[in-house]
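To start, the structure itself, in structure tokens.
One-based numbering, in listed order, for ligands and for the atoms of each. Given the structure is predicted, the values throughout are model-derived calculations rather than measurements.
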Amino acid sequence: MYTLNHRINGEATAGTSGRTGPVFNPATGEQVATVALANKADVDAAVAAAQAALPAWSAMPPLRRARVMFRFNELILKNEEQLAEMITTEHGKTIEDAKGDILRGREVVEFACGIPHLLRGDFTEDVGTGVDAYTIRQPVGVCAGITPFNFPAMIPLWMFPLSIACGNTFILKPSERAPSCPARLVELAHEAGVPEGVINLVNGDKEAVDAILTHDGVDAVSFVGSTPVASYIYSTAAEHGKRVQALGGAKNHMVVMPDADMDQATDALISAGYGSAGQRCMAVSVAVAVGDETGDALVSRLKPKIEELKIGPGHADDIEMGPVVTKQAHERILNLIDKGVDEGATLVVDGRGLKLQGYENGYFMGGSLFDNVTEDMAVYKEEVFGPVLVVVRADDYETAVDMVNRNEYGNGTAIFTKDGDAARDFAERIQIGMVGINVPIPVPVAYHSFGGWKRSLFGDMHMHGMEGVRFYTRQKAVTSRWPKSGVREGHSLTMPTMQ
Ligand code: NAD
């Protein structure tokens, strides 16, 4: 059993709250760690450290901050095995999947290595006679990041490397359910040369989050998690004068057209529906089959593949799917499957009864597949966040598009088709932030930006890419004139214009 502390101003500390929480290994159901839960005084200390570190760090030339990012990237790579091990132990995903989590995060660090170029402003000579104008981007100040359990490497790395590369200082509050990997990433950042106070870690729950959201010394808040919490974060932080981006939950539909290659579509649904036991915000949880023949073709292909999924502890070889994260998540997902049956959906594959020998206390379940699901059923309406795929049958393409557009979430979606007209129309008309065309999980690469629409994102700026740079900087426009000495134009009370 290990203990996880905060790291404030470069120092590990248990803080002053006296409160701790348990961290479990979902494969065994055993408690593996205790995590300190911060109170307001601990958050105050982290903010004070971040404020003290800000002047020197923000004044450092971006090229030097970039060099720190290059070293950080190398250190993450060097420690990949250890980080993956931590993720698998506390989250449950397979080691290979954990390495994907780390790599997608590292790509944002690579993007942040280009910060001297990314911060370049614009310059216009002679906007008036002898007058030049330029824009510069400056850091926002003290930023905070609050992250979910499901990507313990990628999501913290979406936030703090780019923020500090832009010249801000940062407080990370990771999920209390999988806190080891984020804590190690903060240690590695220090090892790479990020000074004390520039990055601080506070572990905790609502108490720590509320202290961050209401703190006068915090200038910007990035959040990723479930929709009810994202909505709360957005309104509370905005009310307290902060810049906020709060990414929420999802219900991602994959529309399969009758002309699609059914084998390719099936493979895509298996990967996107059951990878990481369905606990990805970009997991496909709804397959919209256009036409009954498409529905039949998909269900008959999906069924044997789901039944053959290799399920077990993420550390074992040849495993495709691990457990879900907590006992509560396990119960919630099983309840939703029960409800789906009660509400009249056809349960084609039932993953509820799975017990693994030697892992009877782990939070395992098999993959489940529902057919004939309708929009009024709980298993369609709620974000399941587990290995459950539902098939909804749509009579035609327009019905499918309307269904996706009606859904309250707007994170990701995909269309599988060979028809370029349909694909183009879909990309144009669909009310969703990230769209895949024959790509089931269209997570943008680091130099593009990640973010949903509707109740999947509160605020207006997406994560990483140029939107990330904009979020973590403020633009300033400077207009300058250097009059020749002795030359006077006299005063004028009319609005200045460049005549
Ligand atoms: P969560 O909302 O329970 O927790 C996220 C963070 O908020 C954690 O750090 C947690 O400590 C904190 N928190 C929880 N309840 C709080 C409260 N009442 N007040 C203040 N802070 C609180 O989310 P989770 O279960 O860790 O993660 C899964 C959810 O995150 C899913 O809904 C998933 O779709 C979503 N998610 C979204 C994205 C995206 O990019 N849109 C990415 C990953 C995960």
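Checking side-chain atoms of Lys93 against main-chain N and O of Asn150 turns up a donor-acceptor pair under 3.5 Å. Without hydrogens or angle criteria, Asp42 side chain to Val202 main chain gives no donor-acceptor distance under 3.5 Å. Distance alone, capped at 3.5 Å, is enough to place a donor-acceptor pair between the Lys251 side chain and the Tyr380 backbone. Here the side chain of Asn168 pairs no donor or acceptor atom with the backbone of Ile164 at under 3.5 angstrom.
Counting protein heavy atoms only, atom 18 (N) of ligand 1 is closest to Lys206 CD, 3.7 Å. Looking only at heavy atoms of the protein, atom 27 (O) of ligand 1 is closest to Pro148 CB, 3.3 Å. With respect to atom 22 (C) of ligand 1, the closest heavy atom belonging to the protein is Val229 CG1, 3.6 Å. Closest to atom 28 (C) of ligand 1 among all protein heavy atoms lies Phe385 CE2, 3.6 Å. The protein heavy atom nearest to atom 7 (O) of ligand 1 is Phe223 CE1, 3.3 Å. Nearest non-hydrogen protein atom to atom 32 (O) of ligand 1 is Glu383 OE1, 2.6 Å. Of all protein heavy atoms, the one lying nearest to atom 30 (O) of ligand 1 is Gly225 C, 3.0 Å.
For ligand 1, the polar-atom distance check finds an N/O of Phe149 within less than 3.5 Å of one of the ligand's N/O atoms. Checked by distance only, ligand 1 and Ser226 come closer than 3.5 Å through their nitrogen or oxygen atoms.
Among Cys281, Gly451, Pro182, the residue whose heavy atom lies closest to atom 38 (C) of ligand 1 is Cys281.
Here is the list of ligand 1 atoms found below 4.0 Å of a heavy atom in Gly249: 32 (O), 34 (O). Distances below 4.0 Å separate heavy atoms of Val209 from the following atoms of ligand 1: 20 (C), 21 (N). In summary, the atoms of ligand 1 found under 4.0 Å from a heavy atom of Asn150, numbered by their order in the structure, are 43 (C), 44 (C). Here is the list of ligand 1 atoms found below 4.0 Å of a heavy atom in Phe450: 39 (C), 40 (O). For ligand 1, the atoms closer than 4.0 angstrom to any heavy atom of Gly248 are 37 (C), 38 (C), 39 (C), 41 (N). Those atoms of ligand 1 that come under 4.0 Å of a heavy atom in Ile146, given as number and element, are 6 (C), 7 (O), 9 (O).
Side-chain rings of His91 and Phe149 approach one another, their centers coming within less than 6.0 Å. For Tyr232 and Phe458, the ring centers are positioned 6.0 Å apart or more.
Between Glu207 and Arg19, at least one side-chain nitrogen of the basic residue sits less than 4.0 Å from a carboxylate oxygen of the acidic one, meeting the salt-bridge criterion. One finds no salt bridge joining Arg406 and Asp402 here, because no Lys/Arg side-chain nitrogen approaches an Asp/Glu carboxylate oxygen to under 4.0 Å.
Partner of Val244 under the side-chain contact (heavy atoms from CB on, under 4.5 Å) criterion, out of Leu213, Ile233, Asp460: Ile233 alone.
Using 4.0 Å as the threshold, Phe151 has no heavy atom nearer than that to any atom of ligand 1. Under a 4.0 angstrom heavy-atom cut-off, Ile155 registers as being in contact with ligand 1. Note on ligand 1: Arg177 sits in its first shell, one or more heavy atoms being nearer than 4.0 Å.
Distances from atom 15 (N) of ligand 1 to the protein include at least one heavy-atom value under 4.0 Å.
Within a 6.0 Å sphere centred on NZ of Lys454, other residues, nucleotides and ligands contribute more than 12 heavy atoms. Within 6.0 Å of the CZ atom in Arg424, the count of heavy atoms belonging to other residues, nucleotides or ligands does not exceed 12. More than 12 heavy atoms of other residues, nucleotides or ligands lie within 6.0 Å of CG in Asp376, so this atom counts as buried by the packing criterion. The 12-atom threshold is exceeded at CD of Gln31, counting heavy atoms of other residues, nucleotides or ligands nearer than 6.0 Å.
Contacts between Glu176 and ligand 1 below 4.0 angstrom, taking non-hydrogen atoms only, involve the side chain exclusively. Of all the heavy atoms of Thr147, the ones lying under 4.0 Å from any atom of ligand 1 belong exclusively to the backbone.
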